[in-house]
Amino acid sequence: MFRLTELSEIDLNQLFNLSPNPYVILDRELRLVGMNDAYLAVTGRSREELVGRNMFDAFPSEPDSVPGRLLRQSFAKVLSTAEVDHLPLIPYPIPGLDGELEDRYWSATHTPIKDESGRLIFILQHTVDVTELHLLRSRSVGDSALKVHTDLMRRADAVQGQNAALGEEREYLRMLFEQAPGFMAVLRGPEHVFSIVNSSYRTIVGREDLIGKTVREALPDVASQGVYELLDEVYRTGTPYSAYGARVVFQSSESAEREERFLDFVYQPIRDHDGMVSGIFVQGQDVTELRRAQEAARENEDRFRTLAQSLPTHVWTATPDGRMQWCNDQIFTYSGLESFYFDRERRSEMLHPDDSSRIAAAWAEALRTGGRLETEIRLRRHDGVYRWFISRAVPIKNAEGEITLWVATNTDIDEQKKTESELSNLAETLGHRVEERTIELERTQEVLRQSQKMEAIGNLAGGIAHDFNNLLQVITGNLQLLGREFAGNDVAERRLNSALAGASRGARLASQLLAFGRRQPLSPKVINLSRLIREMDHLLRRSLGEAIEIDTIVGGGLWNTLVDPSNVENALLNLAINARDAMNGQGKLTIELGNAYLDDEYARRTFDIETGQYVMLAVSDTGTGMTADILDKVFDPFFTTKPEGKGTGLGLSMVYGFVKQSGGHIRIYSEPGNGTTVRIYLPRSMEDEDVVAENASAAALGGNETILVVEDDEAVREITVSLLAELGYRVLRAKDADSGLAIIESGVPIDCLFTDVVMPGRLKSQDLAKRAKERLPHLGVLFTSGYTENSIVHGGRLDPGVNLLSKPYTREALARKIRQVIDQNRQAPQPRLPEGPLETASAKPAAEQPSAPDLPIAVLLVEDEALIRISTADFLQDAGMTVIEAGSAAEALAAAGSDPIDILVTDVHLPDMSGLQLVLKLRETRPDLPVIFATGDRNVPGSEALSQTALITKPYDYELLTTHIRAMVVPRRDD
């Protein structure tokens, strides 16, 4: 049988078994662990049947039945409170002597049995059979013998009623304790044994089995978090302890994840009748979600403030009642104030006084309605200037629709307000301006249509010019050869001259077509138009006749211009002849030269013109003038006011195309009866005037040199060979560039290469010229073409150093040009090759470079763009140079101090200092160091006074860079 050795050292076994009332002992799981003989006798069971079984398994009863419900409630009270509980009356049937169940009534007491630490380990159930008393109370007898029993039962009923009331009150309090929204627990004794715990507490810690356990046993996972020590301190001192937002981490089991909680709680000491601390009442709230919400709100606020500080506009916030709460640094920087305020009553001195009342009313209305505020205000800047802002304030509301914050911005609209003011001032003239703009737009559209027409015809002209000029070349060449055979035959010579005149007229027609289509190859030079006009005076007077008075006016300090002189002469002569015809051969022609500046307003109202400085050439006459409808068409190709057969209509078109191709502008003014003025604007050049060395009237001389003719048109090739042979030259011929290159590589000596520009085949003419110059450095190169495309002409101009003879050409023109090219190359050992986007940039082998010292050229290349630096360095190294690379000025200075360098090639825009500053630093120790600025800029301000410098603009040709380097370094080494 079970022995209660845990309760006492004396043997209670005999007392326990001899007790007349039934006793049974249950553990915390309500298992039967011991009972006395009276209990076995009453229940009619043996110990073997009962020990180890659950009470309600051994004695089944429905949970909703009265006995079952009362017993379960009583056991639950004892387990949760660890205090005695009484059941005054509980019906429970037991077997009688005959084995049949009979109804019996019992009074039960459930007593907690605790260990030395105060932890509940067993429940002792003591029952008393009160069936007779209950039945006696139920009977209605009147004799005095029963009166005593009746009084006794009445007192028993009263006690039972009080116990029932106390039980109900205790049950109500337990229910309140259990359902409390906060977590609560009662800890008993110095070991802090759980005696009462509500549902919220069990939920937070993640455990159910807490009653009867100490805190250290029940919550081992909080051992290192100071909980035990706090409880000990409160129990020892009797001083309450409160915490707010305390972080506690729980782990309900070893396999469960650790859970972080934030708690507000209080440890309140419990005192007994003597005032001594007997326990601790724990009460608190789980504020984890609130804490996380606060942290999220704080993060959101930090993000908002970071964003607000980074915005270029003013940002401020206000409380729900309208008081400014915060503003970003932009407001303080703008105003120069140390504080800024704004609410219902006060306005910062930053606000314009005239706006104060209006803004106060608007702000009050927004606060009243809860709607957004949007109003214009004037705010004073730190220098006292007021600027217009638009202020917008938006309410931020919570889930209940209550305003929690106002967020506002002030955006600078001062420029917009000024624009609105200007527009308001111009309202009266708006209609007139719209009309002017409409007329201007129509004029621009007309100019655009004119440009498109010229572009279309130019493309057409370019397409036919090549074959047409080849045909004319065959005709004129053969006619000139025939002229020698029929010398002395007047009839034949007259017919040949007529044929040559017709061919010349056809050539002029093709030239005019190319001119107005902007396809003619220009050879611009820096000239002063005053000198050119003076030289043309005799030609003009002879062309116009004595009845035309010519007056020339030249402004002082006339600028130079970059233009093709022959085309200027043709344009001026064309305009003069048109003026003569308009004056019917009698009147006054005025030629005016002057400096002009076309400003932004003029450029805005004029199509296809850039602002800047120009040289103006004006030709005015006193002729009949033109009407507006004729003025709109004067530049149209083939339009003429002359009688049929008297003009081609290409004169003004040719002038227009030449001026536009030269980057200039042309304008014509005329009224019926008041004559006409044509103004030509040519871009100013800052360079010194060139000396024009070519003399078209020089004698056509031949020679005995060897010339290679490369021409794909067989008829043109044969006539060219015949003309050159007649001039005394030895002539080699090739039908395309590949054949020409084969002749050059054969080793035969050649003095001049005469090649067509446009030819079929894999190898282009400019590539042929380049390879020929690599093998024969003193070779002269002369191109010829009736239509140059863009191979040697870029931007409408011949590439520098390129010689061109346009088709069709005369025997004399061919002789002069060939002689000029050969003589030029004899004087210059290395003439510059044509450069253009279609050239193949290939490095020459070191052995084929111009004479240079044995040591390779050392180039310090400074470029912060890695791809440009790498590709440029590779090309220069392939060209036989030593390249020291640097990505910054600091690296360049360090390299210059340790490595010998012959030349510096640097970008202007470097990360740590400018290229100009780098040059000045290096020139302190190397005053004669050659420098090439390789940059996207068109000039380097501040470098004008520096010697030994050159500029090459990006994107630059590597061959051109190599040529510049050698040109600047090799002569210095030779010296």
Side-chain angles (χ1 to χ4, degrees), residues 701-712 717 720-721 723-725 727-759 761-785 791-792 798-805 814-836 838-852 878-880 957-960 962-967 970-971 974:
L701 302 177
N704 57 4
E705 289 86 357
T706 301
I707 300 174
L708 172 60
V709 176
V710 184
E711 170 63 60
D712 63 303
R717 184 171 66 248
T720 303
V721 170
L723 291 173
L724 292 173
L727 290 168
Y729 293 107
R730 295 189 297 273
V731 185
L732 304 174
R733 70 191 75 189
K735 65 179 181 179
D736 54 32
D738 292 295
S739 302
L741 182 61
I743 293 174
I744 292 171
E745 291 181 339
S746 68
V748 61
I750 300 173
D751 298 288
C752 182
L753 169 64
F754 184 44
T755 177
D756 192 8
V757 174
V758 181
M759 290 187 297
R762 175 184 57 83
L763 191 64
K764 302 301 179 183
S765 60
Q766 63 271 25
D767 296 329
L768 168 64
K770 178 180 177 180
R771 296 191 184 184
K773 291 288 289 183
E774 291 176 357
R775 289 156 179 76
L776 302 172
H778 295 280
L779 179 70
V781 178
L782 175 61
F783 291 96
T784 182
S785 180
S791 54
I792 60 174
L798 285 173
D799 291 339
V802 171
N803 294 297
L804 175 68
L805 180 62
L814 174 63
R816 281 195 300 271
K817 202 68 177 178
I818 285 287
R819 191 72 259 160
Q820 175 189 342
V821 170
I822 292 176
D823 292 342
Q824 282 179 349
N825 280 272
R826 285 177 174 173
Q827 297 171 5
Q830 272 202 313
R832 185 175 175 181
L833 290 177
E835 298 168 0
L838 298 182
E839 289 187 7
T840 304
S842 58
K844 303 174 187 177
E848 294 180 278
Q849 297 292 349
S851 60
D878 289 343
D957 182 85
Y958 290 145
E959 288 282 6
L960 179 61
T962 304
T963 302
H964 273 299
I965 293 174
R966 294 194 182 281
V970 172
D974 292 340

Practice problem: Would you check if the side chain of Thr784 reaches a backbone N or O of Leu805 as a donor-acceptor pair within less than 3.5 Å? | Solution: yes

Quiz prompt | Within-4.5 Å side-chain heavy-atom neighbours: Thr720 and Glu711 | solution = no

Practice problem: Report yes if some heavy atom in the side chain of Leu727 is under 4.5 Å from a heavy atom in the side chain of Arg819; otherwise report no. | Solution: no

Exercise. Write down the atom of Phe783, the atom of Ala769, and the distance for their closest heavy-atom approach.
Key: CZ-CB, 3.8 Å

Exercise. Nearest 0.5 Å please: distance from the CG atom of Leu753 over to the CD1 atom of Ile743.
Key: 10.0 Å

Self-check item: pair Lys770-Lys764: side-chain heavy atoms closer than 4.5 Å
Solution: no

Quiz item: Can you check whether Val748 reaches Thr706 side chain to side chain, under 4.5 Å on heavy atoms?
Solution: no

Quiz item: Roughly how far apart are Leu782 CG and Ile822 CD1, rounded to 0.5 Å?
Solution: 9.5 Å

Exercise. Output the distance between atom CD1 (Ile707) and atom CG (Leu724), rounded to the nearest 0.5 Å.
Key: 4.5 Å

Self-check item: Closest heavy-atom pair and its distance - Arg730, Asn704
Solution: NH1-O, 2.9 Å

Practice problem: For Asp751, enumerate each residue passing the side chain to side chain donor-acceptor pair (under 3.5 Å) test, keeping only those at least two apart in sequence or located in another chain. | Solution: none

Quiz item: Considering residues at least two apart in sequence or located in another chain, which fulfil the side-chain contact (heavy atoms from CB on, under 4.5 Å) criterion with Leu776?
Solution: Ile744, Ile750, Leu779

Quiz item: Which pair of heavy atoms, one from Val710 and one from Ala737, lies closest together, and at what distance?
Solution: CG1-N, 4.0 Å

Quiz prompt | Gap separating the CD atom of Gln820 from the NZ atom of Lys817, nearest 0.5 angstrom | solution = 4.5 Å

Exercise. Applying side-chain contact (heavy atoms from CB on, under 4.5 Å), name anything that partners Arg733, two or more places apart in sequence or on another chain.
Key: Arg717, Glu718, Val721

Exercise. Kindly indicate whether the side chain of Tyr729, heavy atoms from C-beta on, has any atom under 4.5 Å from the side chain of Val709.
Key: no

Quiz item: Of the non-hydrogen atoms in Leu768 and Gly740, which two are nearest, and what is the gap between them?
Solution: CD1-C, 4.1 Å

Quiz item: Which distance, rounded to the nearest 0.5 Å, do you find between the CG of Asp712 and the CG of Asp756?
Solution: 5.5 Å

Quiz prompt | Heavy-atom closest pair, residues Lys735 and Ser739 | solution = CG-OG, 4.1 Å

